[in-house]
Amino acid sequence: MIQRTINVAVKERPYSVYVGNDMLALLGPTMREQGVKDDVAVITDATVASLYLDPLVKHLRHYGFRTLTIVIPPGERQKSIARSTKIFTSMIEEGFGRSATVLALGGGVIGDLSGFIAATYHRGVALVQVPTTLLAQVDSSIGGKVAVNHPLGKNMIGAFYQPRFVWTDMSVLGTLPLREITCGLGEIVKYGVIVDAPFFEWLEQNVDKVLGIDNEAVMHVQATCSGIKARITSEDEKETGIRVVLNFGHTIGHALEAAGGYRLIKHGEGVLLGMIAESHIARELGMLSTEAHDRIVALIRRIPLKCSVSRLRPRDIIDAMSRDKKTVSGKKRFVLPDRVGHVEVVENVDPSLIRESIKRILKKG
Ligand SMILES: NC(=O)c1ccc[n+]([C@@H]2O[C@H](COP(=O)([O-])OP(=O)(O)OC[C@H]3O[C@@H](n4cnc5c(N)ncnc54)[C@H](O)[C@@H]3O)[C@@H](O)[C@H]2O)c1
Ligand SMILES: [Zn+2]
């Protein structure tokens with residue numbers, strides 16, 4: 001059942017995010033309604049495949065789609081050019097042409113990689129996002145940022161490429177391990193801090209319900225976060241302005257992921273720790289009151305982190321930061337809160353303050 005439809009009003013081709021429970025029976029008809037042609041490449045990872053692939057493929061075949069299933073190992077390291085090449089080969093061998101559609105069934109890794117495939121295969125084919133993690137449902141499946149990583153940096157090769165629609169079925173969250181729920185909370189807390197103080201306050205009261213995947217609480221989170229992401233993307237699709245606020249916690253977060261070789265620290269975990277470090281920078285710069293800083297850190301500390309950062313070296317984190325896309329002409333650029341619910345872009349932060357903030361999170365984990 002579809003319980004909510006959120007519109008993403010990007011200029012060229014507005015699209016919908018459908019949110020609900022037990023929605024599979026409606027997917028085929030919706031794809032037909034949205035003009036999806038017969039050839040569909042379903043890209044997923046082995047874990048998601050074992051849980052959800054068979055019924056999905058059976059359903060699509062029932063609606064007359066010709067499916068090619070591409071199952072890859074799970075993990076951030078699959079977001080690569082090497083993996084993309086293999087996927088292109090399968091699609092070419094299958095005879096898929098310009099009218100093909102890529103269906104991304106999985107978390108943010110599958111969504112970003114499949115989006116990159118869709119954006120580039122035959123100069124662009126249709127894309128349907130079927131996000132299955134909390135993080136992908138509240139964030140990565142919406143907004144059209146698609147990319148793969150390069151050994152020298154995350155998301156270095158990619159495009160802005162919007163999906164035909166996003167299919168957010170909350171019933172798949174029941175199989176998600178706690179560690180992945182905490183990752184989703186990274187982006188969820190971020191939305192509260194950057195633009196929505198009442199939502200932050202709601203999280204202070206309800207974070208335990210979200211951790212327990214309470215249906216009503218998750219529905220509220222989905223609606224709020226998808227709404228914020230849709231609004232910000234509609235206003236600034238290509239990140240020339242307001243969209244940059246979504247990077248709070250990500251300057252240090254991405255660097256933590258890279259320093260851990262994309263194995264030790266997951267994206268959402270990097271964002272949680274990155275928000276602690278960046279809030280500390282904001283407080284030290286005199287932008288953020290101690291009270292607001294303490295509220296942000298206290299909420300994040302209630303989310304149980306499963307990664308270990310003690311083996312990371314500050315030097316590696318700083319090096320990773322200097323290669324990040326968010327470095328503009330050599331200047332490190334931070335999105336920092338000046339209160340709960342509002343952020344500002346700050347350049348030229350003193351490197352010793354950055355180092356000190358990183359050391360603090362490495363000590364505490
Ligand atoms: N494009 C964007 O705007 C954007 C925004 C935020 C994050 N991202 C990207 O998203 C990626 C992280 O995404 P993620 O956190 O979803 O990680 P992920 O895609 O690696 O998924 C996490 C794990 O959960 C498993 N899984 C997925 N759905 C499941 C389910 N329903 N039940 C059980 N297990 C399930 C997967 O097999 C995987 O092992 C990063 O690469 C990050 O850069 C992109
Ligand atoms: Zn993110």
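All residue numbers in this chain count up from 1 along the given sequence. Read the numbers this way: they start at 1 and go in the same order the structure lists the ligands and their atoms. As the structure is a computational prediction, the values presented were derived from the model and not from experiment.
Of all protein heavy atoms, the one lying nearest to atom 39 (O) of ligand 1 is Pro74 CB, 3.6 Å. Looking only at protein heavy atoms, the nearest one to atom 37 (O) of ligand 1 is Asp45 OD2, 2.8 Å. The closest protein non-hydrogen atom to atom 10 (O) of ligand 1 is Gly108 CA, 3.3 Å. Among protein heavy atoms, the minimum distance from atom 26 (N) of ligand 1 is reached at Val48 CG2, 3.8 Å. The single protein non-hydrogen atom nearest to atom 8 (N) of ligand 1 is Ser140 CB, 3.6 Å, given as residue, atom name and distance. Nearest protein heavy-atom contact of atom 9 (C) of ligand 1 is Asp112 OD2, 3.4 Å.
The shortest side-chain heavy-atom distance between His280 and Met275 does not fall under the 4.5 Å cut-off. Annotation: side chain of Arg283 is not in contact with side chain of Met287 (no heavy-atom distance under 4.5 Å). At least one side-chain heavy atom of Arg333 sits under 4.5 Å from a side-chain heavy atom of Val244.
Look at Arg243 and you'll find every heavy atom at least 4.0 Å from all atoms of ligand 1.
Those atoms of ligand 1 that come under 4.0 Å of a heavy atom in Thr175, given as number and element, are 30 (C), 31 (N), 32 (N), 33 (C). Atom numbering of ligand 1 starts at 1 in the shown order; those under 4.0 Å from a heavy atom of Asp139 are 5 (C), 6 (C). Contact atoms of ligand 1 toward Lys154: 40 (C), 41 (O), 42 (C), 43 (O) (distance under 4.0 Å to a heavy atom of the residue). In the vicinity of Glu76, heavy-atom distances shorter than 4.0 Å reach the ligand 1 atoms 40 (C), 41 (O). Contact atoms of ligand 1 toward Gly107: 16 (O), 19 (O) (distance under 4.0 Å to a heavy atom of the residue). Near Lys229, meaning under 4.0 Å from one of its heavy atoms, ligand 1 places the atoms 3 (O). Listed by atom number, the atoms of ligand 1 under 4.0 Å from Leu51 heavy atoms are 32 (N), 33 (C). Of all atoms in ligand 1, numbered sequentially from 1 with element shown, those under 4.0 Å from a heavy atom of Thr132 are 27 (C), 28 (N), 29 (C), 30 (C), 31 (N).
Expressed to the nearest 0.5 Å, how far CD of Gln137 lies from CG of Leu173 amounts to 4.5 Å.
Taking distance alone, with nitrogen or oxygen atoms compared against 3.5 Å, Val172 approaches ligand 1 more closely than that limit. Here's the thing with His254: none of its N/O atoms is less than 3.5 angstrom from an N/O atom of ligand 1.
A salt bridge between Asp54 and Lys58 is absent, with no side-chain N of the basic residue lying under 4.0 Å from a carboxylate O of the acidic one. Contact check on Glu204 versus Arg295 returns a salt bridge, with a Lys/Arg side-chain nitrogen under 4.0 Å from an Asp/Glu carboxylate oxygen. Salt bridge annotation for Asp112-Lys145: absent, with no cationic side-chain nitrogen under 4.0 angstrom from a carboxylate oxygen.
Using cut-offs of 30° and 60° for the angle between ring planes, the Phe165 and Tyr18 rings count as perpendicular.
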Fill in: Test log, rule side-chain hydrogen bond (donor to acceptor under 3.5 Å, both in side chains), inputs Gln34 and Arg164
CA-CA 7 Å; Gln34 301 270 346; Arg164 282 290 168 95; over 6 Å; no

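For the 3.5 Å distance criterion, the side chains of Arg339 and Ser289 fail to qualify, holding no donor opposite an acceptor.
With the Zn ion (ligand 2) at the apex, Glu187 OE2 and His267 NE2 define an angle of roughly 90° (rounded to 10 degrees).
Residue nearest to atom 21 (O) of ligand 1, selected from Val109, Thr133, Ile110, Leu176: Thr133 (by heavy-atom distance). For atom 6 (C) of ligand 1, the nearest non-hydrogen atom from the set Glu187, Lys266, Glu180, Glu269 belongs to Glu187.
Of the heavy atoms in Lys145, both backbone and side-chain atoms come closer than 4.0 Å to ligand 1.
Connection of Val36 to Val146 is not established within any shared hydrophobic cluster, with ILVMFWY side chains joined at heavy-atom distances below 4.5 Å, either directly or through further cluster members.
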